[in-house]
Amino acid sequence: MDKKVRVRFAPSPTGGLHLGGVRTVLYNYLFAKKYNGDFIVRIEDTDQTRYVPGAEEYIFETLKWCGLEPDESVQHGGNFGPYRQSERKETYRKYAEKLINEGHAYYAFDTPEELEKMRHAPIAIGDKTEQSHTQQYDHTIRMKMRNSLTLPSEETHRLLEEGTRHVIRIKMPEHETVSFTDMIRGEVSFDTSVVDDKVLLKADGMPTYHLAVVVDDYLMQISHAFRGEEWLPSAPVHILLWKYLFGLENMPQWAHFPLILGPSGKLSKRDGAKYGFPVFAMNWTDPNRGDLTEGFKEKGFLPDAFINMLALLGWNDGTEQELFYKEELIEKFSMERVHSAGAKFDYEKAKWFNHEWIKRFEVAGLKLQVGELLKGNGLTVSDEAYLEKVIHLVKDRCTLLTDFVQQSSFFFQAPENIDTGAIKPKWNDAKQLFFVELIRNYQLSPDWHTTTLESNFKEIAAANDLKPGDLMLPFRIMLVGGKFGPGVFEIASLIGKVETIRRIEQALSLMK
RNA sequence: GGCCCGUUCGUCUAAGGGCUAGGACACCACCCUUUCACGGUGGUGAUACGGGUUCGAAUCCCGUACGGGCUACCA
């Protein structure tokens, strides 16, 4: 690679960042870091009508949470700014005019009504007319429209001088094969006769994506341009623009990532709501409609797990390894091993990744997040060492971070609901007496170790001719409220003598 | 409709001409566990179809089917 690696992620601030977007960021980031390059985030806000307040901040917060921070952006600075396209408005027009002067583009004055009429006019196919598809604004029709190609030049000048609303469209060659090498798909080629004369500069003076990407990728010295597969059909427009404006030899290398699919077709926000899994990285509330779309973060995912899962959705290193630290991903990532086929998102597998990451994390790495989570759920966490012991005891049984609440709340406060229904049917006086005796024994116990608690428990059971197995479930329910959690004696040991006895007494009073 | 991309267990994928197509998730069974999980062992399960090329094809070529994307003064 002769040029310095510089890649960009170019989102438009129109809403939350979903799985596919984050994966695009990830692959860009991994590639940049692998080759000691720069990762740039450029905000593509050229469509004023779709601008959503807060979306831009949301994108940066998401990148921060994921640990995929850019080297250059609106927020991070850099020498190639501004990094917001609306602030670069002035720079695009001159490139569009250059294209016109060189015969590769033209002014078009057609009104929305005229365009509408053109699109839906019946067209003759053989001896019958068809209307099965909409007419494109292309070489077959441009000479019948109102533009600088059909109008006398004085008329064009007059219209321009009068400030008539107009756009600038690319003049696609009639029959030319445009091909390029995609790093993932290999050679891809298109016949220019089937692609339309895309608008490059809109009536409001803003560029469309097509012009803006090419100009900005050039100006920002982008060496590799990666994006989703949905952009493949418009690639010939971009290639041609590169050829006309900056030279093919300066064009970045392209790669188009496969799409991430939902249970039925393309993954959408609706799939999340319908099937009960998040599609956005973090919670997103649409400021206009006020509806909330759940995020992986709030759902209880660890950023490392989220990133790991996304990396493997369309890429693997060729071995059977599935768990990767970010540094390993950077080291092992290669564009050639990215799949060309779309991947269906599987939430079960995503949860598995999270579980694995919770297990592989040290207690210390979880402490902060779990502590906050518990406090957020109204639990009082005062003793750090105590919290560490609790996490150590329950982490392996938590798939999502949020599972820590249910799995450990009883360590911090007595259960509110005791599932007495699970023990009442088999309850009797003998058991009642056993627990009374257990309280007396525990009260006098000189130490409070797990093993002591267990052996005393069993001795008393044996002395009363009861099976320990019949008593442990009731004991568990008294302490935690239900049929879950780590070993009972470990729980008792951790919550302490006073609390253990208090909970047994409390439950006993409920059994009468 | 047109153009482009794609197609290996239900899902994510390995195997880029040559052993009984491997792994992971999910599922099932058993073991462990005097709760629920974790964990362990094993099992069910795939090369879309049809033609070529070749001694030999999941792998290369062609066609068909199916899936997806695009076809806006949206990105």
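Proteins come first, then strands; the chains are lettered A, B, ... in the order of their sequence lines, and each starts at number 1.
Between B:A75, B:U35, B:A26, one nucleotide has an atom nearer to the side chain of A:E348 than all others, and that is B:A26. Looking at the side chain of A:E230, the nearest of the listed nucleotides B:C4, B:G69, B:A24 is B:G69. Between B:G39, B:C4, B:U35, one nucleotide has an atom nearer to the side chain of A:K359 than all others, and that is B:G39. The listed nucleotides are B:A72, B:A37, B:C74; the one nearest the side chain of A:D196 is B:A72. You'll find that the side chain of A:D346 is closest to B:U11, out of B:C73, B:C5, B:U11. The side chain of A:V167 sits closest to B:C73 out of B:C4, B:A75, B:C73. In this structure, of B:C3, B:C73, B:U71, it is B:C73 that holds the atom nearest to the side chain of A:R169. The listed nucleotides are B:U11, B:C74, B:G39; the one nearest the side chain of A:K344 is B:U11. Side-chain atoms of A:P468 lie closest to B:U34 of the nucleotides B:U34, B:G6, B:C38. Of the candidates B:U34, B:A37, B:C25, B:U34 carries the atom nearest the A:M472 side chain, counting heavy atoms from C-beta on.
Residue A:R119 places at least one side-chain N or O closer than 4.0 Å to OP1 or OP2 of B:C73. A:K202 has a side-chain polar atom (N or O) that falls below the 4.0 Å cut-off from OP1 or OP2 of B:C74. The side chain of A:R360 contributes no N or O atom lying less than 4.0 Å from OP1 or OP2 of B:C38. For B:A14, one of the phosphate oxygens OP1 or OP2 lies less than 4.0 angstrom from a side-chain nitrogen or oxygen of A:N316. OP1 and OP2 of B:A24 both lie 4.0 Å or more from every side-chain N or O belonging to A:K351. Remark: A:H355 is not in phosphate contact with B:G39, judged by side-chain N or O atoms under 4.0 Å from OP1 or OP2.
If A:F345 and A:D396 are placed on RNA chain B by their nearest nucleotide, the residue sitting closer to the 5' end is A:F345.
Across all strands, A:R185 comes closer than 4.0 Å only to sugar-phosphate atoms, never to a base (heavy-atom distances). A:K266 comes within 4.0 angstrom of the backbone, heavy atoms only, and of no base. A:I477 comes within 4.0 angstrom of no nucleic acid atom, judged by non-hydrogen atoms across all strands. If you check every strand for non-hydrogen atoms under 4.0 Å, A:P486 touches a base. When heavy atoms are screened at a 4.0 angstrom cut-off, A:D110 is found touching base atoms of the nucleic acid. Contact annotation for A:R337: backbone-only contact, meaning every heavy-atom pair under 4.0 Å involves sugar-phosphate atoms and none involves a base. Among the protein residues, A:V394 comes within range of no part of the nucleic acid, since none of its heavy atoms lies under 4.0 Å from any strand. The residue A:A343 sits close only to the backbone: its heavy atoms come under 4.0 Å of sugar-phosphate atoms, none of a base. Contacts of A:T399 with the nucleic acid, taken as non-hydrogen atoms under 4.0 Å apart, are absent. Residue-level contact check: A:G487 touches the bases, meaning some heavy atom is under 4.0 Å from a base atom. Nucleic acid contact class of A:T46 (heavy atoms, under 4.0 Å, all strands): sugar-phosphate only. Using a 4.0 Å heavy-atom criterion, one finds that A:H256 contacts no nucleic acid atom at all.
A:R397 forms no cation-pi arrangement with A:F484, by the criterion of a distance under 6.0 Å to the ring centre and an angle within 45° of the ring axis. Under the 6.0 Å distance and 45° angle rule, A:K349 counts as a cation-pi partner of A:W352.
For B:U34, there is no paired nucleotide, since no Watson-Crick or G-U wobble pair has both relevant distances below 3.5 Å. Of the nucleotides present, B:G43 is the one that pairs with B:C27 by Watson-Crick or G-U wobble criteria, both distances under 3.5 Å. Nucleotide B:U7: paired with B:A65 (Watson-Crick or G-U wobble, both distances less than 3.5 Å). Searching all strands for a Watson-Crick or G-U wobble partner of B:G1 with both distances below 3.5 Å returns B:U71. Across all strands shown, B:C60 forms a Watson-Crick or G-U wobble pair, both distances under 3.5 Å, with B:G52.
When the C1' atom is compared between B:U7 and B:G63, the two are found 15 Å apart, to the nearest whole Å. Comparing B:C28 with B:C61, their C1' atoms are spaced 42 Å from each other, to the whole Å. B:U13 and B:C66 have their P atoms separated by 24 Å, with the value rounded to a whole Å. Straight-line distance between the P atoms of B:C4 and B:C12: roughly 25 Å, to the nearest whole Å. Taking atom P in both B:C74 and B:A15, one finds a spacing of 43 Å when rounded to whole Å. Remark: the separation of the P atoms in B:A21 and B:A48 is 15 Å, to the nearest Å. Atom name C1', nucleotides B:C9 and B:G51: the rounded distance is 26 Å, in whole Å. Only the C1' atoms considered, B:C49 is 24 Å distant from B:A14, to the nearest whole Å.
Aromatic pair A:W315/A:F333: ring centres closer than 6.0 Å.
Side-chain atoms of A:K349 and base atoms of B:A24 include a donor and an acceptor less than 3.5 Å apart.
Heavy-atom neighbours of A:K202 NZ from other residues, nucleotides or ligands within 6.0 Å: above the threshold of 12.
Here the CZ atom belonging to A:F361 is positioned 9.5 Å from the NZ atom belonging to A:K395, to the nearest 0.5 angstrom.
Using a 4.5 Å cut-off on side-chain heavy atoms (C-beta onward), A:I170 and A:M172 make contact. Put simply, the side chain of A:V338 reaches to within 4.5 Å of the side chain of A:P258, judged on heavy atoms. The closest side-chain heavy-atom distance from A:Y347 to A:P263 is not below 4.5 Å.
Because its glycosidic torsion is within 90° of 0, B:C38 is reported here as syn.
A salt bridge is absent between A:E356 and A:R360; no separation between the charged side-chain nitrogens and carboxylate oxygens falls under 4.0 Å.
Computed from coordinates, the A:D47 CG to B:C74 C1' distance equals 5 Å when rounded to whole Å. Atom CZ of A:R93 and atom C1' of B:C73 are 13 Å apart (whole Å).
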